[in-house]
Visitor: 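What follows is a structure written as structure tokens; I'll ask about it next.
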Number of protein chains: 2
Amino acid sequence: MIRVAVVDDQELVRSGFVVLLGTSPDIEVVGEAGDGEEAWGLCRRTTPDVVLMDVRMPRMDGLEATRRIMADPRCARTHVLILTTFDEDELVHDALRAGASGFLLKDTRPARLLDAIAVVAAGDALLAPSVTRRLIEQFAALPSRPMPPTADGLTDREREVLVAVSRGSSNQEIADSLHMGYGTVKTHVSHLLTKLECRDRAQLVMYAYESGLLIPGSS
Amino acid sequence: MIRVAVVDDQELVRSGFVVLLGTSPDIEVVGEAGDGEEAWGLCRRTTPDVVLMDVRMPRMDGLEATRRIMADPRCARTHVLILTTFDEDELVHDALRAGASGFLLKDTRPARLLDAIAVVAAGDALLAPSVTRRLIEQFAALPSRPMPPTADGLTDREREVLVAVSRGSSNQEIADSLHMGYGTVKTHVSHLLTKLECRDRAQLVMYAYESGLLIPGSS
DNA sequence: TACCTCCTCTGTCTGCAGATAGAAGCGGAT
DNA sequence: ATCCGCTTCTATCTGCAGACAGAGGAGGTA
């Protein structure tokens with residue numbers, strides 16, 4: 001049995017969902033809320049498996065409510081499924097960053113919504129097809145990791161040193177962490193400078209990021 | 001009527017799909033192929049709306065075939081739906097980059113597969129729930145553009161110097177390009193090092209990228 | 001065996017980097 | 001009118017960075 005909470009500021013929409021969910025034998029509606037504040041409180045009390053969350057609501061919107069729910073240890077097993085009328089990139093991004101497990105439009109077919117609830121309850125995720133398409137486009141446009149892991153003429157050891165340099169380590173620190181002599185580090189660094197046509201380690205750091213060897217955030 | 005091509009190197013799997021697709025009144029199977037080479041040729045001849053594409057195949061794999069199909073102007077209206085047994089990040093990334101509109105696992109329920117074909121034929125996209133989850137996680141981990149344009153306690157001038165440093169410029173070069181004295185640059189750099197708690201300019205470069213002040217590729 | 005590449009280490013030397021302290025003009029805020 | 005923060009500049013000093021040259025050991029290949 002999947003325990004579901006329904007959050008929407010419009011009474012009519014809410015009851016529509018409740019009726020729909022009632023047609024599924026696997027789903028139990030454990031509560032309703034009319035704004036983000038109520039939703040947060042409801043989740044803390046009832047710890048549902050899935051929250052059907054509207055975005056535009058008075059007092060506190062669905063995104064902020066999602067953030068709070070995801071940050072609350074008492075709601076650890078709760079997954080949020082965003083349901084909105086508006087299909088905007090900005091909204092999708094914010095929702096996913098807030099920790100939502102799904103993003104569907106309100107014109108989704110009923111059968112698909114029930115399906116989505118099962119998917120989200122299982123810990124997986126699911127997006128509206130149009131959203132998926134745009135997400136993929138953006139994803140494909142990102143610098144690809146495997147392509148330019150710049151297989152330059154660098155040796156393995158040199159690559160290790162380059163990464164260390166790019167983390168801001170001094171030569172002595174690199175020597176310690178990589179278990180080699182101080183002078184050896186300088187040799188490797190010199191080779192890097194020559195091969196990559198850089199003048200100093202600051203340029204090496206730039207190179208590491210621009211080439212895709214290092215990705216911001218992926219430390 | 002949605003025109004579909006089925007590509008898989010295993011005869012049995014292929015015929016299974018054909019039978020399944022035959023149960024839908026909206027779908028017409030226009031051809032089959034046993035490897036990437038054949039698939040490419042098939043698509044050029046028959047221009048299907050959707051290609052069900054296996055990945056692991058002899059001669060040419062599904063990813064390379066997808067790349068060629070997407071690059072071929074004669075296949076402009078063709079969408080590729082990847083169907084594989086293996087749920088690996090690397091594979092998903094490559095597939096999406098190759099231009100696939102969908103990525104499903106072979107354990108997908110039949111009804112969902114038929115649904116997916118309709119979605120893909122309509123120009124939208126769709127991923128297996130487990131894939132969606134991981135894609136979202138990775139997406140949410142990306143540095144959000146509007147958030148960290150790091151409005152630290154830096155002055156405008158300091159920010160300019162930081163950018164210059166992060167491009168690998170020496171103090172003298174910065175002095176020239178920003179029209180200030182050599183010593184002034186050093187003053188600003190020192191303030192940057194103090195404020196951002198960095199030890200040297202290499203760490204400043206790393207900071208600039210990790211904070212989102214600089215984005216790889218966006219020079 | 002000889003050859004080559006990679007990794008290792010040892011030196012010396014030049015120079016920029018960075019710390020630190022002080023000073024002055026300028027603009028906004030009180 | 002005064003104070004404060006930003007920007008600008010000067011000056012001295014320590015130290016790591018990087019250039020350059022040389023050399024030995026480990027491993028793979030012809």
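Every chain is numbered from 1 and lettered A, B, ... according to where its sequence line falls, protein lines coming before strand lines. Only a predicted model underlies this, so the values are computations on that prediction, with no experimental measurement involved.
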Visitor: How close or far is atom C1' of D:dC16 from atom CZ of B:R201, stated in whole angstroms?
Guide: 14 Å

Visitor: May I ask you to check whether over 12 heavy atoms, not counting those of B:R44, lie within 6.0 Å of atom CZ?
Guide: yes

Visitor: Measuring to OP1 and OP2 of D:dC9, would you say a side-chain N or O of B:T184 lies under 4.0 angstrom away?
Guide: yes

Visitor: Base, backbone or nothing for each nucleotide of nucleotides 24-30 of chain D, written B, S, -, heavy atoms under 4.0 angstrom, 5' to 3'?
Guide: -------

Visitor: Restricting to non-hydrogen atoms, name the atom on A:G168 and the atom on B:D200 that form the minimum distance, rounded to 0.1 Å.
Guide: O-OD2, 4.4 Å

Visitor: C:dC6, D:dC6, C:dT8: which one has an atom nearest the side-chain heavy atoms of A:H188?
Guide: C:dT8

Visitor: Suppose the criterion is ring-ring contact (aromatic ring centres under 6.0 Å, His included): which pairs have a residue in residues 47-99 of chain A, not counting sequence neighbours?
Guide: A:H93-B:F139

Visitor: Could you tell me whether the side chain of B:V189 reaches within less than 4.5 Å of the side chain of B:V161, counting heavy atoms only?
Guide: yes

Visitor: Can you list, by residue number, the residues of residues 169-177 of chain B that have a non-hydrogen atom closer than 4.0 angstrom to DNA chain C?
Guide: B:S170, B:N171

Visitor: Considering residues, nucleotides and ligands other than B:R199, do more than 12 of their heavy atoms fall under 6.0 Å from its CZ?
Guide: yes

Visitor: Send over the distance from A:R159 CZ to C:dC6 C1', rounded to a whole Å.
Guide: 13 Å

Visitor: Checking all strands, does A:G183 fall into the base, sugar-phosphate, or nothing category for heavy-atom contacts under 4.0 angstrom?
Guide: base

Visitor: Given atom CD of B:Q203 and atom P of C:dG18, what is their separation to the nearest angstrom?
Guide: 10 Å

Visitor: Is any side-chain nitrogen or oxygen of A:Y182 closer than 4.0 Å to OP1 or OP2 of D:dA17?
Guide: yes

Visitor: Quickly work out the A:E160 CD to C:dC6 C1' distance and round it to whole Å.
Guide: 13 Å

Visitor: Nearest whole angstrom, please: distance from the C1' of C:dC9 to the NE2 of A:H179.
Guide: 17 Å

Visitor: Over all heavy atoms of both residues, which pair between B:G99 and B:T66 is shortest? Give the atoms and the distance, please.
Guide: C-CG2, 4.2 Å

Visitor: Of B:D200 and B:K195, whose closest DNA chain D nucleotide lies nearer the 5' terminus?
Guide: B:K195

Visitor: How many whole angstroms separate atom CG of B:L192 from atom P of C:dG18?
Guide: 11 Å

Visitor: Minimum heavy-atom separation for A:L81 and A:V120, please, with both atom names.
Guide: CD1-CG2, 4.2 Å

Visitor: Whole angstroms only, please: what is the CG-P distance between A:L154 and C:dT5?
Guide: 16 Å

Visitor: So which atom in B:D35 and which in B:M57 form the shortest heavy-atom distance, rounded to 0.1 Å?
Guide: CA-SD, 3.8 Å

Visitor: Looking just at side-chain N and O atoms, do A:E197 and A:Y207 make a donor-acceptor pair shorter than 3.5 Å?
Guide: no

Visitor: What's the CE-C1' distance between B:M180 and D:dT8, to the nearest Å?
Guide: 9 Å

Visitor: Show the nearest heavy-atom pair for residues B:A164 and B:I174, with the distance to one decimal.
Guide: CB-CG1, 3.7 Å

Visitor: So how far off straight is the helix from C:dT1-D:dA30 to C:dT30-D:dA1, going by the axes through five pairs at either end, to 10°?
Guide: 40°

Visitor: Which atoms form the tightest heavy-atom contact between A:S166 and A:L214, and what is the distance?
Guide: CB-CD1, 3.3 Å

Visitor: Do A:D89 and A:R134 meet the salt-bridge criterion of a basic N to acidic O distance under 4.0 Å?
Guide: yes

Visitor: Got a second to check how far A:W40's CH2 is from A:R68's CZ, nearest 0.5 Å?
Guide: 5.0 Å

Visitor: Quick one, give me the B/S/- string for nucleotides 19-30 of chain C, reading 5' to 3', where B means a protein heavy atom under 4.0 Å from the base and S means that only happens at the primed atoms, P, OP1 or OP2.
Guide: S-----------

Visitor: List the residues meeting side chain to side chain contact (heavy atoms under 4.5 Å, CB included) with B:P129, not counting sequence neighbours, and say none if there are none.
Guide: A:V119, A:D124

